[in-house]
Amino acid sequence: MRRLIGSGIDFLVEAGFLYLPLLYDPAIEKEIQATPDPTESKETSGSVILNEGKHFVKSLSLHSLVANYERIGKDLYDQVKSAVLRQVAGNVDRGETSLSWKLITIIFQVMPYFIKKNRGFERGKFGKEEILKLIAEKVDVPPREYERTNTVFDLKPLQEALKELEKLDSTFKLPRDGIISSSELNHWLQKALRAQVVEKERTLLKNEVLRREQLIASVDEDMDILLYVAHKGSLEINGFGFTRIGTSDDYLIYKRTGEYRLKDYYGRSYLFRDCRVAVPTFSPFKPVVMEKYKHPFLYAHDSGQEICMHGFYPPQQFSAENAINLLEEGINALLYGYDARRRNGYHSLDRTREYVRTVEFEDYRIPPGEQKSLK
Amino acid sequence: MDLLQKIKSERAQSKKKRPFKRRLFDKVNDLVRTYSLEESFLSKLEVPEDYLSEANIEFAQLRKKRPIEFPLFSLSAEEEYRLTTAIMSKVNNPYLEFAQSPDEIAISKTLFDLNPSLGADTLERYHFETLLLCERAKKEMEDLLQQARDRRRKEGRGSAKESLGDGRTLPDSLEKRIDQLQSFVARVDDLEKSH
């Protein structure tokens, strides 16, 4: 589309549709000549129009073009969007470094999945209140007033941004029917995109404010617990935890594997110590082992290594569901992915002659006497 | 062949894949777009041989063509389409299909008029300028040899020289020109044989 806009071609607008100059070859010309009256062709198919001696062919609906431009011309759309957001005083993303939606997602959506109730008949996931109660039990929260500004509980910046957006015009008119140059079309498109961005952002902000108000209402009394966790930046309960990366709003969400055993080609067991399998809240979303660790699926004996997973396509964005899937995939790969017969992965547990070894697992092997007692 | 077999073979024949052939329009249109030709090119077609009439065979380079991949089909803007069809109707000859540049389009008609029986291989391999010079050289050579024969007939009427039948009695300039033309034609022929 960008090439079309910058082409210098004159287009035709008719009834909300963009018509492009008709391209010719002998077959098309024959078809055009076979239609005695161009206006007649317009009536029957509506796809070709004769305007000032030139034929134009129907191409795009201008409404559809604007509605889908985010997908087909992301560069221009992002430019327009950032211009609108700059204009709005309270940027939506501004400030939320300590208690953000990412942290809320981790605490209320990912954490309950991995910390399940397991007491007698009381099985199931934790609700919001129960999670907060559990955190309060496990973590000693000092009694103190926590600052709510720059957190999801601070609605003021959002409300200010919403006010600014309300002032901006979110309507656009279609260009008048007739010939339109590429620069005029470009100008119109930018205006229409701007109106669309304003409308979209307005809806987004309204939903966001509503969501936060609901959250504030539901965690009203225990808000200090959340603010304390956000202030600390890390938490670990029952083998599940997260830790903030630097001062940013990104986290490593992890789950401990506990000790586990793998067998080699000859049936000998190897004991692997506990490690933390983690997924970041930013791209690339691939599971890693946080500690200095070695495993057939890790390239070296090092820390922060990605786990080798054949045929695995990482997701494109952070969500609770994706984080849970990734953690499970990573842990399953370490615990159950190694096939002693195929010796899959970067390394094999037992020594092979053909292979230039870089990582040895001899020191993990359980002596034959102990193997029986471990069974 | 019974009826059933006949029907079967006809069906098989109709289902058979046929190689896709580029149309003349696609080739000429590609040249129009590649060389950004304009309407003024049509006036050049009126006097195609002007710049070649002065060409000196002695220093003429043998120009070979590089293989060009023409598009399978082409769609073009109205102006380009009109120009393409105008060129096709103006330069209406079978050699146009083998032209790979605007120069060749201009020469193709003259070349066809001179020798309409050139093979596709030759037309695909050599630049039309080389082929045109070669044809002209052949024609000029024929004329000169005819001249020489006439001259000998006149000079040697009744004399012993006529019976020699060699060119030693010809003026030097004529002899030199015939040599030049012969060597040029031989160069083209040699190149053709070497392929």
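Residue numbers start from 1 in every chain, and the chains themselves are labelled A, B, ... in the order their sequence lines are given, proteins ahead of strands.
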Enquirer: Below 4.5 Å from any heavy atom of chain B, which atoms of A:Ile9 appear? Answer side chain, backbone, both or neither.
Expert: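 No part of A:Ile9 comes within 4.5 Å of chain B.
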Enquirer: Quick one: what part of A:Pro26 sits under 4.5 Å from any heavy atom of chain B, side chain, backbone, both or neither?
Expert: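 Contact with chain B is through both the backbone and side chain of A:Pro26.
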Enquirer: Flag yes if more than 12 heavy atoms outside B:Phe73 fall under 6.0 Å of its CZ atom; otherwise flag no.
Expert: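 No, CZ of B:Phe73 has 12 or fewer neighbouring heavy atoms, counting only those of other groups under 6.0 Å.
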Enquirer: Quick one: list whatever passes salt bridge (charged side-chain N to carboxylate O under 4.0 Å, His left out) with A:Glu184, sequence neighbours left out.
Expert: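 Once residues adjacent in sequence are excluded, A:Glu184 has no partner under the salt bridge (charged side-chain N to carboxylate O under 4.0 Å, His left out) criterion.
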Enquirer: Do other residues, nucleotides or ligands put more than 12 heavy atoms under 6.0 Å from A:Tyr299 OH?
Expert: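 No - once you tally the heavy atoms of other residues, nucleotides and ligands closer than 6.0 Å, there are 12 at most.
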Enquirer: Compile the donor-acceptor pairs, distance criterion under 3.5 Å only, formed between chain A and chain B.
Expert:
residue: A:Tyr24; atom: N; partner: B:Ser76; partner atom: O; Å: 2.7
residue: A:Tyr24; atom: O; partner: B:Ser76; partner atom: N; Å: 3.0
residue: A:Glu29; atom: OE1; partner: B:Tyr81; partner atom: OH; Å: 2.5
residue: A:Glu29; atom: OE2; partner: B:Arg82; partner atom: NH1; Å: 2.6

Enquirer: How about CD on A:Glu321, more than 12 heavy atoms from neighbouring residues, nucleotides or ligands closer than 6.0 Å, or not?
Expert: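 Not buried by this count: 12 neighbours or fewer within 6.0 Å.
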